[in-house]
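To keep things clear, I will list the structure first and then write my remarks on it.
Quick note on labels: first sequence line is chain A, next is B, and so on, each numbered from 1. Worth saying up front: this structure is predicted, and the values here are computed from it rather than measured.
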Number of protein chains: 2
Amino acid sequence: MRIALDAMGGDHAPAATVEGAVEAIKKIRGISVILVGNEAVIIKELKKKGYPASKISIKHASQTVGMDESAVAAFRRKKDSSIRVAFELVKSGEADAVVSAGNSGVVMTTALYVLGRIPGVDRPAIATVMPTLKGSFVLIDAGANVDCKPKHMVQFAIMGEAYAKHVFNIKDPKIGLLGIGEEDIKGNELTRVVFKYLKALHKNFIGNVEGKDIFLGDVDVVVCDGFIGNIALKISEGLAEAVTKMLKMEIKKRTSGKLGYLFLKNAFRSFKKKTDYSEYGGAPLLGVTRPCIIGHGRSTGRAIKNAIKVAVELHHKGVVDVITEEFSTRVDRRELVAVSK
Amino acid sequence: MRIALDAMGGDHAPAATVEGAVEAIKKIRGISVILVGNEAVIIKELKKKGYPASKISIKHASQTVGMDESAVAAFRRKKDSSIRVAFELVKSGEADAVVSAGNSGVVMTTALYVLGRIPGVDRPAIATVMPTLKGSFVLIDAGANVDCKPKHMVQFAIMGEAYAKHVFNIKDPKIGLLGIGEEDIKGNELTRVVFKYLKALHKNFIGNVEGKDIFLGDVDVVVCDGFIGNIALKISEGLAEAVTKMLKMEIKKRTSGKLGYLFLKNAFRSFKKKTDYSEYGGAPLLGVTRPCIIGHGRSTGRAIKNAIKVAVELHHKGVVDVITEEFSTRVDRRELVAVSK
């Protein structure tokens with residue numbers, strides 16, 4: 001399997017992206033990575049590493065997209081950006097999946113215009129994995145669509161279900177709607193409508209799930225619009241970090257605490273692994289015609305390696321095909337029209 | 001100062017409410033509590049406690065509102081509920097503030113209809129205090145209004161500012177808009193409009209704040225609609241609990257961890273104090289004409305005591321008067337009309 005990696009994307013690129021690529025080809029069997037970006041810069045980074053040369057190649061791209069550039073403008077103007085060239089490689093069949101930790105707005109726009117949507121999918125969505133007491137759940141949409149209609153969220157549920165089923169091997173993923181009360185009358189205008197359709201369409205729909213319950217591990221797919229999903233994701237990230245810091249501050253205040261901390265170092269490390277975004281690496285943009293992984297802007301080499309791992313899983317489990325199948329068979333025209341208002 | 005406490009409200013009422021009342025009159029100077037609810041039941045609970053009888057009285061109410069009852073129906077049908085009677089006591093001048101950990105929808109509806117809104121306030125909002133690395137911030141609206149217009153959120157900012165200024169003694173509270181990116185073009189349809197008005201109206205508006213940043217302690221008032229606010233609040237609550245549990249699980253796995261935990265008990269306890277909702281007790285419903293505190297449904301005696309403390313602060317700092325003043329002077333008609341669309 002061939003990965004097109006945006007070597008220029010992310011706060012720590014190209015050092016982190018090149019490091020991640022080298023780690024990935026060492027650890028993951030049967031893959032090769034095409035580093036897309038400024039050739040001279042990439043070669044310079046690669047020279048610092050030892051790696052099997054047959055598994056890494058470079059595709060030059062003369063432009064780089066900044067983290068703050070507007071998505072549509074950057075897509076239109078920078079036709080030779082590392083993001084654009086990576087997607088073109090997948091489109092032409094020279095690569096099987098794209099991984100980018102660059103400007104996520106530009107990555108999404110490029111995915112949409114270069115790869116296109118799976119028939120039946122109106123809005124591709126980001127599916128992020130979040131840790132729970134028992135394992136993890138999939139949050140969809142984690143930020144691709146800030147203003148949604150009911151039908152979009154119904155589609156997110158179908159894509160999230162396919163992802164949980166095939167990548168996480170959950171036989172009948174339990175689907176919940178992120179809300180503020182368990183009853184179906186609770187929610188805002190949008191979620192009250194979505195509730196009805198999810199109830200009609202999914203036998204595994206368990207109703208509204210509240211923020212306090214999602215970390216208990218009793219729901220596999222949590223559906224929400226991308227604005228709320230992104231806020232939920234960032235709050236979880238920020239709070240997990242803050243909580244760890246607060247606890248460490250409390251520990252440092254006390255002599256007994258400092259002593260205790262020595263015993264706890266491994267526990268803290270293992271805990272950090274569970275809540276650290278870089279363990280999950282990247283989140284797939286589901287609903288486009290090829291595997292596309294969006295990495296965290298702050299991606300380290302480790303995060304890039306894990307993002308590549310997610311791309312490999314998505315490819316091997318045939319998630320794009322499964323979603324295509326779901327939308328061509330199960331979700332018939334009538335149902336989609338019914339939720340179109 | 002006289003507090004009308006809904007003795008029947010909350011999952012652990014009346015044991016927790018009576019306990020909280022007794023603790024409050026012992027710890028807080030110059031207050032008396034009127035326990036509102038089923039007299040026989042309250043007397044039975046009171047008999048278990050020792051307390052200065054002059055500071056506690058009972059006001060009988062023959063009905064109790066369940067936690068799942070619909071707000072409007074319960075308000076209309078149960079005219080002698082403990083919630084309703086507590087508000088009537090404040091309206092008639094027999095009490096100065098209401099505290100209830102009961103059905104929050106019913107509490108809000110009753111506050112609105114019995115006490116009424118401060119002139120200029122279209123929608124009262126819940127202001128919740130959340131912990132940060134440096135102290136705390138005020139989240140408004142934390143759940144009173146699930147579908148908001150821009151003008152409502154502009155009003156939340158004004159109320160949140162008054163609360164932070166007068167109760168937390170922050171001279172120039174920094175106001176942020178909960179969003180998904182720092183630039184003003186980021187957000188959903190609603191927040192992009194709100195952003196413009198907050199920028200025009202508040203000199204201390206610092207722009208969009210992301211979920212990952214709010215816990216750092218650099219913003220004092222975080223404005224959002226009540227649907228998102230409630231999700232943010234519940235996620236924080238759920239995650240703080242989950243994170244603590246995960247860490248304890250990691251610790252228990254290891255012999256060295258168990259040993260370390262003995263040293264850390266106090267650190268964990270002090271940390272729990274920082275993140276435990278019961279420390280904050282309750283959240284004021286700002287924008288109604290008298291102090292009204294909504295307690296957590298799971299309130300313990302300790303949480304009720306702290307909710308009473310919040311009511312006392314609100315009363316002594318004259319927050320209702322400050323908000324009334326703000327809306328009658330600073331926010332002139334033109335500005336409110338401008339944001340009315």
Whatever's closer than 4.5 Å to a heavy atom in chain A on Thr132(B) counts as backbone

Any donor-acceptor pair under 3.5 Å linking the side chain of Asn188(B) with the backbone of Thr191(B)?
yes

Pick whichever of Gly179(B), Ser70(B), Gly143(B), Ala232(B) has the most heavy-atom pairs under 4.5 Å with chain A.
Gly179(B)

Please flag which part of Ile214(A) lies under 4.5 Å from any non-hydrogen atom of chain B: side chain, backbone, both or neither.
side chain

Salt bridge check, Arg76(B) against Glu69(B): does any charged N sit closer than 4.0 Å to a carboxylate O?
no

Please determine, among Ile231(B), Asn230(B), Asp225(B), the option with the most heavy-atom pairs under 4.5 Å with chain A.
Ile231(B)

Salt bridge between Lys134(B) and Asp218(B), side-chain N to carboxylate O under 4.0 Å?
yes

State whether Arg123(A) and Asp141(A) are salt-bridged, where the test is any N-O pair (Lys NZ or Arg NE/NH1/NH2 against Asp/Glu carboxylate O) under 4.0 Å.
no

